[in-house]
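Note that this is a predicted model, so its numbers are computed, not measured. Both counts, for ligands and for their atoms, begin at 1 and track the order of listing.
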Amino acid sequence: MTAVRRKERFMDILQRTLDELEDLRARIKETSGFLRDAGVTDPEIGIVLGTGLNDYADKIEDTVIIPYNEIPNMYAGATDSHRGQLVYGTRHGKKVLVMAGRFHFYENNSMDTAVFPTRVMIELGIKRLIITNASGSINPEHEAGHLMLISDHISLPGFNPLIGRNLDEYGTRFPDMTYVYDRELRSKLKKKAADAGIELYEGVYIMTSGPSFETPAEIRAFAVLGADAVGMSSVPEAIVGRHAGLEIIGISALANKAAGITGNALTNDEVTEMGKLMRDDFIKVVDMAVEL
Ligand code: HPA
């Protein structure tokens with residue numbers, strides 16, 4: 001390749017990253033504009049509801065409900081155990097925007113689509129992001145059927161959602177990840193839940209790409225790495241939220257003991273069934289996180 005051709009190729013790549021950034025900006029603006037026109041005016045808190053945990057959406061009052069498939073650029077919520085709706089309304093006097101169903105990285109190998117709804121919520125002005133998920137418990141002291149506050153995370157997929165040109169209007173190129181999950185809110189939430197008789201564990205969430213569950217050997221390795229629970233989501237949203245300086249609360253519903261711990265094979269039905277059993281406590285704790 002000649003020096004001139006090499007230079008041309010380099011310029012092409014630069015131009016492509018710029019085009020991608022402008023395309024992303026345009027999509028965020030289009031979707032947030034659509035939602036504002038539909039009545040989603042000034043949300044303060046964004047909530048992402050995980051697998052089998054969509055019922056919190058019923059707590060929201062004075063709602064505007066919009067199915068994802070009516071929203072431009074939103075491809076979220078293809079899994080059966082998700083409702084696939086955006087629910088906007090009020091709760092405890094606050095304006096809340098709930099995603100009943102998320103888009104997972106494993107659905108099409110795209111971090112961009114996984115975090116797009118979070119980016120739209122940021123553009124719409126949320127200050128707090130409550131991220132929820134179902135996970136497998138790795139820590140031997142954490143029983144399935146309980147809730148765990150996420151204190152920190154480990155990201156295994158290796159694809160950071162901030163790769164590409166930086167959206168400078170939301171945050172810096174190299175955002176801090178020391179304090180992703182707000183410590184003050186975590187301790188307040190723990191106390192509030194304890195007063196209501198709900199024990200909240202606290203621990204490190206490790207994200208795999210999924211969609212296969214982990215092997216027992218992987219779970220043993222994750223325990224050595226310092227992980228307390230494993231799941232297939234949430235970390236991309238948390239990174240994008242932290243980039244934009246949001247207060248983040250992560251709530252994980254420990255649906256099962258992780259692979260190899262009990263010897264039982266894992267099924268998605270088991271995960272959704274346990275989600276139903278934890279429903280009441282989960283709804284109470286998310287509600288407390290809104291109220292804080
Ligand atoms: N592994 C990964 N994701 C999960 C699990 C699990 O054991 N349970 C619920 N989501």
Side-chain angles (χ1 to χ4, degrees), residues 47-56 76-84 99-109 111 114-115 130-159 181 200-239 250-283 285-286:
I47 305 178
V48 186
L49 296 176
T51 305
L53 304 167
N54 283 196
D55 290 354
Y56 181 73
T79 315
D80 290 346
S81 41
H82 290 220
R83 293 190 190 183
M99 282 180 63
R102 61 153 55 83
F103 193 80
H104 294 88
F105 179 60
Y106 61 69
E107 285 171 67
N108 78 340
N109 194 23
M111 279 293 174
V115 298
I130 301 170
I131 305 173
T132 73
N133 60 53
S135 65
S137 174
I138 298 175
N139 185 326
E141 290 174 11
H142 290 180
E143 293 304 329
H146 288 254
L147 300 169
M148 185 188 91
L149 287 182
I150 302 176
S151 57
D152 201 348
H153 70 233
I154 300 171
S155 177
L156 280 185
F159 298 97
Y181 303 92
L200 293 180
Y201 299 138
E202 220 167 333
V204 175
Y205 175 91
I206 189 165
M207 178 198 174
T208 69
S209 70
S212 58
F213 286 113
E214 304 70 38
T215 64
E218 284 166 343
I219 294 302
R220 288 193 297 275
F222 297 169
V224 174
L225 292 179
D228 297 290
V230 59
M232 307 173 190
S233 68
S234 302
V235 169
E237 291 116 311
I239 292 174
I251 302 169
S252 193
L254 306 177
N256 54 279
K257 282 286 193 180
I261 295 180
T262 65
N264 298 338
L266 302 183
T267 66
N268 190 49
D269 288 349
E270 178 191 359
V271 171
T272 5
E273 276 311 304
M274 192 51 128
K276 284 184 199 147
L277 290 179
M278 283 190 271
R279 181 183 178 278
D280 291 353
D281 278 0
F282 176 80
I283 287 175
V285 172
V286 175

Can you measure from CG (D281) to CD1 (I251) and round to the nearest 0.5 angstrom?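 Output value for this atom pair is 11.5 Å.
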Can you tell if the side chain of N133 reaches within under 4.5 Å of the side chain of I150, non-hydrogen atoms only?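 In short, these two side chains touch, coming nearer than 4.5 Å.
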Would you mind listing which atoms of ligand 1 come within a distance below 4.0 Å of any non-hydrogen atom of [X]?
{"X": "M232", "value": "2 (C), 3 (N)"}
{"X": "V271", "value": "8 (N), 9 (C)"}
{"X": "L266", "value": "7 (O)"}

Might you work through the side-chain contact (heavy atoms from CB on, under 4.5 Å) test for T132 and Y56, ending with a clear yes or no? CA-CA 11 Å; T132 73; Y56 181 73; over 6 Å; no
Parallel, tilted or perpendicular: ring planes of Y201 versus H142, cut at 30 and 60 degrees: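 Judged by the thresholds at 30° and 60°, the geometry between Y201 and H142 is parallel.
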Return the residue, atom name and 0.1 Å-rounded distance of the protein heavy atom closest to [atom].
{"atom": "atom 5 (C) of ligand 1", "result": "G136 N, 3.4 Å"}
{"atom": "atom 10 (N) of ligand 1", "result": "A134 O, 3.3 Å"}
{"atom": "atom 7 (O) of ligand 1", "result": "N256 ND2, 3.0 Å"}
{"atom": "atom 2 (C) of ligand 1", "result": "E214 OE2, 3.1 Å"}

Set out, in order, the CA-CA distance, both residues' side-chain angles and the distance that settles side-chain contact (heavy atoms from CB on, under 4.5 Å) for N256 and S137, then state yes or no. CA-CA 6 Å; N256 54 279; S137 174; over 6 Å; no
For ligand 1, which is the ligand I care about here, please tell me if G231 has any N or O atom under 3.5 Å from one of the ligand's N or O atoms.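 The answer is no, given that G231 and ligand 1 share no N or O pair closer than 3.5 Å.
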Checking side chain to side chain contact (heavy atoms under 4.5 Å, CB included) against Y205, which of S151, S233, S155 comes through?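 Single pass found, and it is S233.
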